[in-house]
Asks: 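Quick one: the structure is below, questions incoming.
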Amino acid sequence: MAPSKCTIAAILLVFAAVAASLGPSSAARVQLQAEEAAPQPPSFWRPRIPLPQIPCIPGLPRPRFLPPCDGSAGAPLPPLPPARRVPLPPIPCIPGLPRPRFLPPCNDSGAPAVPLPPARRLPLPPIPCIPGLPRPSFLPPCGGSAAAPAPPSPQPAECSTSLSGLTACADFLSANATSFLAAPAAACCDGVRSLVKDAPVCLCHVMSGDLGELLPAPGLRLRAVALPRACGVAVPFGTLRQCIRGPVPPMDAPAPPS
């Protein structure tokens, strides 16, 4: 007669209870105890890569993460060889300059004193003389081989005679002139050139408006100032400075003392 299902289940339960009551063998117990005594690595543990052997350097402190120098991990380095000193090339002595300390003295046979070659002076280009301006001291005088200007004309005692040549400019200077754009007459410009050449200081009376005393009609001061430029005549710079600083000759000669 075949056993029923209930009988088979009862037998299995009996075997399970008997197996649970039985203990492990002695060899299994020793292996289990050894595994429990061994330290277990953490969950983030990674295999440690061994560091290469780092020698000891004399005179430098040993880091803490390296084995000490007196152990068997590594022997100290041998002492470094002495530094090779490269000899400097002979440097000549320069008269008037102090000798650096790292160079041998000038009385040594290795560095004789060598005089410097004479400095080459570059010649300045010829600078012309400007009438009315003082000559700088570093330039050759105007009376030398450089371009020398003509000697200045003597200053006149009065300017009425010199300004009489500008009476032809009355039409250009008159306030009643029909056209302000008209150029001065040729005779007027000839008088301006003669005035600048012979008595340039009398131009001060032209610019100040005193020339109107010699004209039949009153003149415009603005046109009197523009008269040299309208004639294409350059006014010397020294004349302009003399008009500001003086002295300027009067229009009429002073009366002789009685």
Asks: Quick one, Val233 and Cys189 - any side-chain contact, counting heavy atoms below 4.5 Å?
Replies: no

Asks: With a sphere of 6.0 Å drawn around CG of Leu60, does it hold more than 12 non-hydrogen atoms of other residues, nucleotides or ligands?
Replies: yes

Asks: Mind checking what makes side chain to side chain donor-acceptor pair (under 3.5 Å) contact with Arg193, not counting sequence neighbours?
Replies: Asp190

Asks: Please name the pair of heavy atoms, one in Ala157 and one in Pro250, separated by the smallest distance, quoted to 0.1 Å.
Replies: O-CD, 3.5 Å

Asks: For Ser160, does its backbone N or O pair with a side-chain atom of His205 as donor and acceptor, under 3.5 Å?
Replies: no

Asks: Group every Ile, Leu, Val, Met, Phe, Trp and Tyr by side-chain heavy-atom contacts under 4.5 Å, then state whether Val225 and Val201 land in the same group.
Replies: no

Asks: Is there a chain of hydrophobic side chains (I, L, V, M, F, W, Y, each step under 4.5 Å between heavy atoms) that links Val206 to Val235?
Replies: yes

Asks: Say you draw a straight line from SG of Cys204 to CD1 of Ile244; how long is it, rounded to the nearest 0.5 Å?
Replies: 9.0 Å

Asks: Determine all donor-acceptor pairs shorter than 3.5 Å in which one atom belongs to a side chain in residues 161-170; sequence neighbours excluded.
Replies:
{"unit_1": "Thr161", "atom_1": "OG1", "unit_2": "Glu158", "atom_2": "OE2", "d": "2.8"}
{"unit_1": "Ser164", "atom_1": "OG", "unit_2": "Thr161", "atom_2": "O", "d": "2.5"}
{"unit_1": "Thr167", "atom_1": "OG1", "unit_2": "Ser164", "atom_2": "O", "d": "3.1"}

Asks: Go through it in stages, so that I can follow the logic: the residues are Cys202 and Leu195, the test is side chain to side chain contact (heavy atoms under 4.5 Å, CB included), and I'd like the CA-CA distance, side-chain angles, deciding distance and then a yes or no.
Replies: CA-CA 7 Å; Cys202 293; Leu195 179 65; 3.8 Å; yes

Asks: Please report the interatomic distance CZ(Arg62) to SG(Cys56), rounded to the nearest 0.5 Å.
Replies: 4.0 Å

Asks: Can you name the nearest heavy-atom pair linking Ala234 to Val196, along with the distance?
Replies: O-CG1, 3.9 Å

Asks: Inspect cysteines Cys231 and Cys188 and report if their side-chain SG atoms are under 2.5 angstrom from one another.
Replies: no

